[in-house]
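All values reported here derive from a predicted model rather than from experimental measurement. Proteins get letters first, then strands, A, B, ... in listed order; numbering begins at 1 in each.
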Number of protein chains: 2
Amino acid sequence: MHTNFLDTLDYQIITELQKNARIASSEIARLLGANERTIRKRIDRLVDLGAVRLTAVVNPAYFNYATAADIFIEADPQLEEDIIARLLAMQEISYLALGQGTKEISIEARFKDNGALRDFIRAVLPSIPGIKVTGYALVPRILRNIDEWMPKQEDFGSFSNP
Amino acid sequence: MHTNFLDTLDYQIITELQKNARIASSEIARLLGANERTIRKRIDRLVDLGAVRLTAVVNPAYFNYATAADIFIEADPQLEEDIIARLLAMQEISYLALGQGTKEISIEARFKDNGALRDFIRAVLPSIPGIKVTGYALVPRILRNIDEWMPKQEDFGSFSNP
DNA sequence: GCTGAAAATTATGCATT
DNA sequence: AATGCATAATTTTCAGC
């Protein structure tokens with residue numbers, strides 16, 4: 001649990017960086033009416049604290065990955081480590097999360113066409129020992145992505161704005 | 001379908017930007033043995049083409065969002081638009097994807113504690129007319145995130161490296 | 001599409017409040 | 001923790017290859 005000493009300014013900075021991570025600190029300063037040095041120090045702090053990561057998010061559609069599947073898996077606890085390692089080695093898998101007991105695994109995988117996707121669910125996954133696919137959904141249209149997520153404003157300590 | 005004219009250099013640039021989106025173009029140039037101007041033009045092109053987005057990804061754990069749930073929903077087709085709008089308005093929802101017929105909806109939602117999570121699944125979601133939760137998994141540990149995904153090397157046209 | 005050189009802008013280190 | 005200032009580095013502009 002962190003003592004949260006971030007404030008509205010940090011929130012606004014993150015909002016700008018979310019739009020464009022390479023925006024000049026001085027431009028953020030201009031936009032927010034703050035000092036350039038302050039902005040730069042805040043950005044460094046946000047990154048050092050691990051509050052945000054400044055990164056490049058690849059657009060799968062541009063590379064002709066036209067479809068995706070969200071899949072629930074049940075893993076044999078005895079083979080669990082091996083299963084996770086094998087899944088993490090797969091380039092198709094864009095997201096992998098473990099459930100409470102780690103028996104449940106939730107993944108997202110990306111494919112160029114429905115053929116590849118179906119093959120993955122019907123052949124590739126079942127070929128891994130100890131795996132059971134308990135449910136899945138083909139999700140060709142993603143409306144909100146994880147990298148767009150923001151905490152609530154109130155998660156940033158104090159506020160000058162109403 | 002794009003004619004893919006990106007090459008290894010673009011792949012390497014994306015790899016660097018993924019580690020740090022604010023790295024100086026001249027430093028990438030140094031690392032990759034290329035010209036600074038070339039790097040900057042490539043970055044601009046990658047962004048203009050929509051191949052990558054340079055952004056700030058917030059770390060939910062830092063803001064005390066300790067747990068998440070991946071949820072499958074079935075939506076009444078007649079109320080579909082309203083349902084999607086209501087879901088997209090929720091700050092908790094970090095990911096929302098539609099299935100083939102859009103009847104299936106797949107979401108991820110984030111919470112500060114399991115109580116809030118359970119309340120969301122047991123009370124908040126069911127209170128929306130036309131929604132049925134068909135499956136869910138609590139996923140406190142995310143091992144790979146969508147923003148870390150990369151296409152295969154061969155998705156970048158030509159290659160100078162073996 | 002890549003690179004060079006000068007001008008403009010931005011980032012950094014140090015010091016002050 | 002925020003800012004001013006001097007210096008270093010980077011980005012931009014305009015050009016030629």
Side-chain angles (χ1 to χ4, degrees), chain A residues 1-56 58-59 62-63 151 153-161, chain B residues 2-56 58-59 62-64 151 153-161:
Chain A
M1 179 99 164
H2 298 95
T3 308
N4 197 343
F5 50 88
L6 303 183
D7 63 12
T8 314
L9 184 57
D10 296 289
Y11 182 84
Q12 293 172 306
I13 291 169
I14 294 174
T15 302
E16 291 305 323
L17 291 173
Q18 221 171 30
K19 291 185 231 162
N20 173 18
R22 284 178 81 77
I23 184 175
S25 303
S26 42
E27 177 141 5
I28 299 179
R30 245 173 271 129
L31 290 166
L32 305 183
N35 184 285
E36 315 178 22
R37 303 298 335 277
T38 304
I39 299 295
R40 223 172 290 114
K41 292 213 168 176
R42 293 285 189 119
I43 295 175
D44 289 346
R45 186 176 65 167
L46 286 166
V47 172
D48 290 345
L49 288 170
V52 298
R53 239 160 1 99
L54 303 173
T55 190
V58 176
N59 173 12
Y62 180 80
F63 294 91
Q153 278 232 3
E154 67 211 58
D155 291 322
F156 291 80
S158 59
F159 296 94
S160 39
N161 307 346
Chain B
H2 299 94
T3 308
N4 197 343
F5 50 88
L6 303 182
D7 63 13
T8 314
L9 184 57
D10 295 289
Y11 181 84
Q12 293 172 307
I13 291 169
I14 294 174
T15 302
E16 290 307 323
L17 291 173
Q18 222 171 28
K19 292 185 230 164
N20 173 17
R22 284 177 82 75
I23 184 177
S25 304
S26 41
E27 176 139 8
I28 299 179
R30 244 174 272 130
L31 290 166
L32 304 183
N35 186 284
E36 316 177 21
R37 306 279 302 105
T38 304
I39 300 295
R40 222 170 295 112
K41 292 214 168 173
R42 293 285 190 117
I43 294 175
D44 289 346
R45 186 175 66 167
L46 286 166
V47 172
D48 290 345
L49 288 170
V52 299
R53 237 158 3 97
L54 303 173
T55 189
V58 176
N59 173 13
Y62 180 81
F63 294 92
N64 302 317
Q153 278 232 2
E154 65 210 60
D155 292 323
F156 292 79
S158 58
F159 297 94
S160 39
N161 305 348

| Is it true that B:Asp7 and B:Arg42 make a salt bridge, defined as a side-chain N closer than 4.0 Å to a carboxylate O? | yes
| message | Looking at A:Arg37 and C:dG13, is any side-chain donor or acceptor paired with a base atom of the opposite kind under 3.5 Å? | response | yes
| query | Would you say A:Arg22's side chain and B:Ala24's backbone share a donor-acceptor pair under 3.5 angstrom? | reply | no
| remark: note: A:Leu6, atom CG; D:dA2, atom C1'; distance rounded to Å ~ 16 Å
| query | What is the distance, rounded to the nearest whole Å, between atom CG of A:Leu49 and atom C1' of D:dA1? | reply | 14 Å
| message | Could you tell me how far apart B:Arg30 (CZ) and D:dA8 (C1') are, to the nearest whole angstrom? | response | 12 Å
| remark: Among D:dT10, C:dT3, C:dA11, the one nearest any side-chain atom of B:Ser26 is D:dT10
| query | Whole-Å distance between D:dT10 C1' and B:Ile39 CD1? | reply | 14 Å
| With A:Ile28, the side-chain contact (heavy atoms from CB on, under 4.5 Å) member among A:Thr15, A:Leu17, A:Thr38 | A:Leu17
| said: Distance check needed: C:dA8 P versus A:Glu27 CD, whole Å only. | reply: 19 Å
| note | Ranking A:Ile23 and B:Arg42 by the position along DNA chain C of their nearest nucleotide, the one closer to 5' is B:Arg42
| Residue B:Lys41, side-chain atoms from C-beta onward, closest of D:dT3, C:dT10, C:dT3 | C:dT3
| task | Using the closest heavy atom to pick a nucleotide of DNA chain D for each, name whichever of A:Asn35 or A:Arg45 lands nearer the 5' end. | result | A:Arg45
| said: Rounding to an integer number of Å, can you tell me how far B:Ile43 CD1 sits from D:dT10 P? | reply: 13 Å
| Close side-chain approach of A:Leu6 and A:Leu46, heavy atoms under 4.5 Å | yes
| said: Suppose we call a contact any N or O donor and acceptor under 3.5 Å apart; does that hold for the side chain of A:Arg22 and the base of D:dT11? | reply: no
| CG of B:Asp44 versus P of C:dG1: gap in Å, rounded? | 12 Å
| query | Reckon A:Glu36 touches a base, only the sugar-phosphate, or nothing at all at heavy-atom distances under 4.0 Å? | reply | nothing
| query | Would you say C:dA11 has OP1 or OP2 under 4.0 Å from some side-chain N or O of A:Ser25? | reply | yes
| query | Between CG of A:Asn20 and CG of A:Leu54, what distance do you get to the nearest 0.5 Å? | reply | 10.5 Å
